[in-house]
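Because the structure is predicted, anything quoted here is derived from the model rather than measured. Values below: every heavy atom of this structure, side chains too, minus hydrogens, waters and symmetry copies.
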Amino acid sequence: MYSTAFLDLPPLQAAAGEVHLPGSKSISNRVLLLAALSSGTTTVHDLLASDDTRVMLDALRQIGCTVDETAGSTVHITGLGGRAPQSPAQLFMGNAGTAMRPLTAALALLGGEFELAGVPRMHERPIGDLVDALRQLGCQIDYLGNEGYPPLRIAHAQGVPALALAEPIRVRGDVSSQFLTALLMALPLAAGTQAIVIEVVGELISKPYIAITLQLLSRFGIVVEHQNWQQFTIAAGSRYQSPGSIHVEADASSASYFIALGAITTSGSDQKGIKIQGVGLDSIQGDIRFVEAARAMGAVITGGPNWLHIERGAWPLQAIDLDCNHIPDAAMTLAVMALYAKGTTTLTNIASWRVKETDRIAAMATELRKLGATVEEGADFIRVIPPAQAADWNAASIHTYDDHRVAMCFSLAAFNPARLPVRIEDPKCVAKTFPDYFEALFSVAQVQTARIPVICIDGPTASGKGTVAAAVAQRLGYRFLDSGAMYRITALAALRAGLAIDTDHEARIATMAQTLPVRFEDGRVLLGSDDVTDAIRTEEAGMNASRVSALPAVRTALVDLQHSFQRLPGLVADGRDMGTVIFPEAPLKVYLTASAACRAERRYKQLISKGFSASIEDLRADLEARDARDSTRSVAPLKPAQDALVLDNSTLTIDEAVEQVLAWWQERQPFAVPAQG
């Protein structure tokens, strides 16, 4: 997951390959709560790992459930089974409506003392209609802030009296289907001796999400009948019972981004289109009907049990006019697909967007306009007219409003015909449902290597270039290449393979060097799964690296290996010839230097801190001699690239040097709107 302040997506051209989707958020949190209310232990397979499920799991532990997460995406939940929940308890719900609403209803019926709160946006999301329905039953629920909104306090010792259940329980259906889902999941707790009837006031929105709830309830032994989605009857004698094990289907809403990707891109390789694993045409999730909308716009989609395959068909896409009540979350993706359509796309019956993680109608309209679209918004609709031609597109910095779906939707704008980059602010917000979304996108996205940005940071020994480059890469979410380590790693790998570092073994070492599985992660150097950070920092490793660098075939192989690090979303490379030899076309080249005296002092402090004795005078003399050798060598002599910016950091801290490099990089970006911290 990218946890940077922003993530810059270079212009992307094509896409092909296979994507494995994470589990559905809606199913995951429903299953967790149902397991918590049941007798027995439920094994949940393929559970989504996200912020929302983390919130639910933490809350279930607090109220007395046993939660075993030792098996990765498989979790074992031992439910309350009729026991009273542990209280008092203060539960943090983050921004997870799929946790806040159902837990509120369940705890209100079980009885006890609980406070439920979340992030500031959660305290702006209405819950009054659910609270009103629960108060009909005699539940004691107080608002701790604004009337009708979290945070809440539940405070009554027992569950609801049978008398309160004699009349139908009324709940509005036109604000959020989560209110009805919460009641449907909680009320079986009180249906021991009598049937319970829920009546929906007004039109029920998002019916497919209620269908998911009913199907999952049946898996846990609860039978609910409904009359035209307006009246729901929970059978008398209902009792939650664990099904033993249950699999979480992949998220159909998350599938929408890759369905759209297949619809708007061609394939630049032998692989054709996008294949999605984890959800199929027979999905129980309502958002699978996004397939119908994508087909209407021109996508060619086939599928089977647990898989979908998408290819671009009609181009440009066809504009649509669609009532989106049945796919409220996935419909956001249609608004971005509209950028690639011919004509005006109108999405209606989406009033629920206003009360989601953000006001999604306003958010989508604002960000679409940044890209060059003409947008009209209303109380329950959005109308999108795409840029008339490629020249009308804008490079844009997309504000994501702490809304995962905004971030994922607008990543698709990087495939624009103007070949402009797109900045996604706060990319980590995708953790709510799809923490590895951008990694999945990059795994199938295709782009000319030359369009993947590179920042080169060269300089003499002990100039701090490695530390600065690693920090810049971390801030941008880019890959990092320590070119100096490559020769040390090659020498180490050769010796481990029993190869002497000499001309007799040059060809074999060069062949091995072409495919060395090297990674730089969190300050560590990995060769395959082996951490070689310390092994390559010895004096002997340095001498072996010098012998390796003297073998021309190995140097050529390592140039190719270093080029392979230029992968999405970008690269920061440090060394002595990154800007002059390896990446001469890099858009930013920095030559980081410092006086020999300053570098000697830094090296002295470094050695002393590690317990080594040293002399500043000797270190300075050694550095000056090395500078002379490096600057006069026949192959790739140490010197600034002609277009490099020289940064003397003799009097700068590492942080100051990093900020200067980032400032130079930002000056080269086309975004009209600065990233919001």
Side-chain angles (χ1 to χ4, degrees), residues 1-15 268 395-398 400 407 410-416 418-428 430 436-458 465-483 486 518-523 559-575 578-579 582-590 592 641 643-645 657-671 674-675:
M1 182 180 70
Y2 289 88
S3 57
T4 51
F6 57 84
L7 180 63
D8 289 343
L9 307 181
L12 303 175
Q13 295 167 290
S397 183
I398 302 298
T400 51
F410 280 97
S411 67
L412 300 172
F415 293 87
N416 65 81
R419 298 287 184 261
L420 293 171
V422 174
R423 172 169 289 178
I424 303 296
E425 299 172 21
D426 188 28
K428 66 181 178 296
V430 301
D436 295 329
Y437 170 74
F438 289 105
E439 289 85 347
L441 175 64
F442 295 149
S443 75
V444 294
Q446 298 171 345
V447 61
Q448 289 180 347
T449 302
R451 289 188 174 273
I452 300 174
V454 178
I455 300 174
C456 296
I457 302 181
D458 290 320
K465 58 186 181 295
T467 303
V468 170
V472 170
Q474 192 276 330
R475 291 277 295 275
L476 294 174
Y478 283 4
R479 298 177 185 274
F480 171 60
L481 168 60
D482 177 353
S483 67
M486 302 299 282
V518 181
R519 305 194 315 280
F520 301 95
E521 296 180 358
D522 301 322
V559 168
D560 293 338
L561 182 61
Q562 290 173 97
H563 283 158
S564 73
F565 277 77
Q566 191 174 1
R567 300 195 296 274
L568 291 170
L571 172 68
V572 180
D574 93 83
M578 293 296 97
I582 308 301
F583 300 108
E585 303 303 320
L588 175 61
K589 301 168 190 173
V590 176
L592 190 66
D643 55 347
L645 298 175
V658 169
E659 291 299 333
Q660 180 59 72
V661 175
L662 289 171
W664 283 335
W665 182 244
Q666 294 280 44
E667 290 171 2
R668 286 160 169 73
Q669 306 314 305
F671 306 114

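- Considering only heavy atoms from C-beta on, Ile457 comes within 4.5 Å of Val572 through its side chain.
- In plain terms, the two heavy atoms of Arg479 and Leu568 that are nearest each other are NE-O, 3.2 Å.
- Remark: the backbone N or O of Met1 is paired with a side-chain donor or acceptor of Glu439 at under 3.5 angstrom.
- For the salt bridge (charged side-chain N to carboxylate O under 4.0 Å, His left out) condition, the pairs that include at least one residue of residues 1-14, sequence neighbours left out, are Asp8-Arg423.
- Interatomic distance, Leu592 CG to Lys465 NZ, rounded to the nearest 0.5 Å: 8.5 Å.
- The existence of a salt bridge linking Asp458 and Lys589 is excluded, since no basic side-chain nitrogen approaches an acidic carboxylate oxygen closer than 4.0 Å.
- Applying the side-chain contact (heavy atoms from CB on, under 4.5 Å) criterion to Leu420, with sequence neighbours excluded, gives Trp393, Ala395, Asn416, Ala418.
- No donor-acceptor pair closer than 3.5 Å links the side chain of Arg668 to the backbone N or O of Leu588.
- Between Tyr2 and Ile424, the closest side-chain pair of non-hydrogen atoms is not below 4.5 Å.
- Note that the CD atom of Glu667 and the CG atom of Leu662 stand 11.0 Å from one another [nearest 0.5 Å].
- Interatomic distance, CZ of Arg567 versus OG of Ser443, reported as 12.5 Å (0.5 Å rounding).
- Pairing each heavy atom of Ala445 with each of Phe415, the nearest pair is CB-CZ, 4.2 Å.
- In this structure, the ring pair (Phe, Tyr, Trp, His ring centres under 6.0 Å) partners of Phe583, at least two apart in sequence or on a different chain, are His563.
- Using a 4.5 Å cut-off on side-chain heavy atoms (C-beta onward), Ser397 and Phe6 make no contact.
- Contact between Thr400 and Glu425 at its shortest, heavy atoms only, is OG1-O, 2.7 Å.
- Side-chain contact between Tyr478 and Trp665: present, with at least one pair of heavy atoms (C-beta onward) separated by less than 4.5 Å.
- Using a 4.5 Å heavy-atom cutoff, the side chains of Leu481 and Met578 are in contact.
- Nearest heavy-atom pair, Leu9 versus Ala414, reported as atom, atom and distance to 0.1 Å: CB-CB, 3.9 Å.
- Considering only heavy atoms from C-beta on, Thr467 stays 4.5 Å or farther from Val658 through its side chain.
- Residue Phe520 comes nearest to Phe480 through the heavy atom pair CD1-O, 3.2 Å, listed as atom of the first residue, atom of the second, then distance.
- Across all their heavy atoms, Thr4 and Arg475 have their closest contact at CG2-O, 3.3 Å.
- Enclosure of atom CD in Glu521 by more than 12 non-hydrogen atoms of other residues, nucleotides or ligands within 6.0 angstrom is indicated.
- No donor-acceptor distance shorter than 3.5 angstrom exists from the side chain of Gln566 to the backbone of Val454, with no hydrogens or angles considered.
- Note: Asp426 CG to Ile398 CD1 = 13.5 Å, rounded to the nearest 0.5 Å.
- In this structure, the separation between OG1 on Thr449 and CD on Glu585 is 13.5 Å, given to the nearest 0.5 Å.
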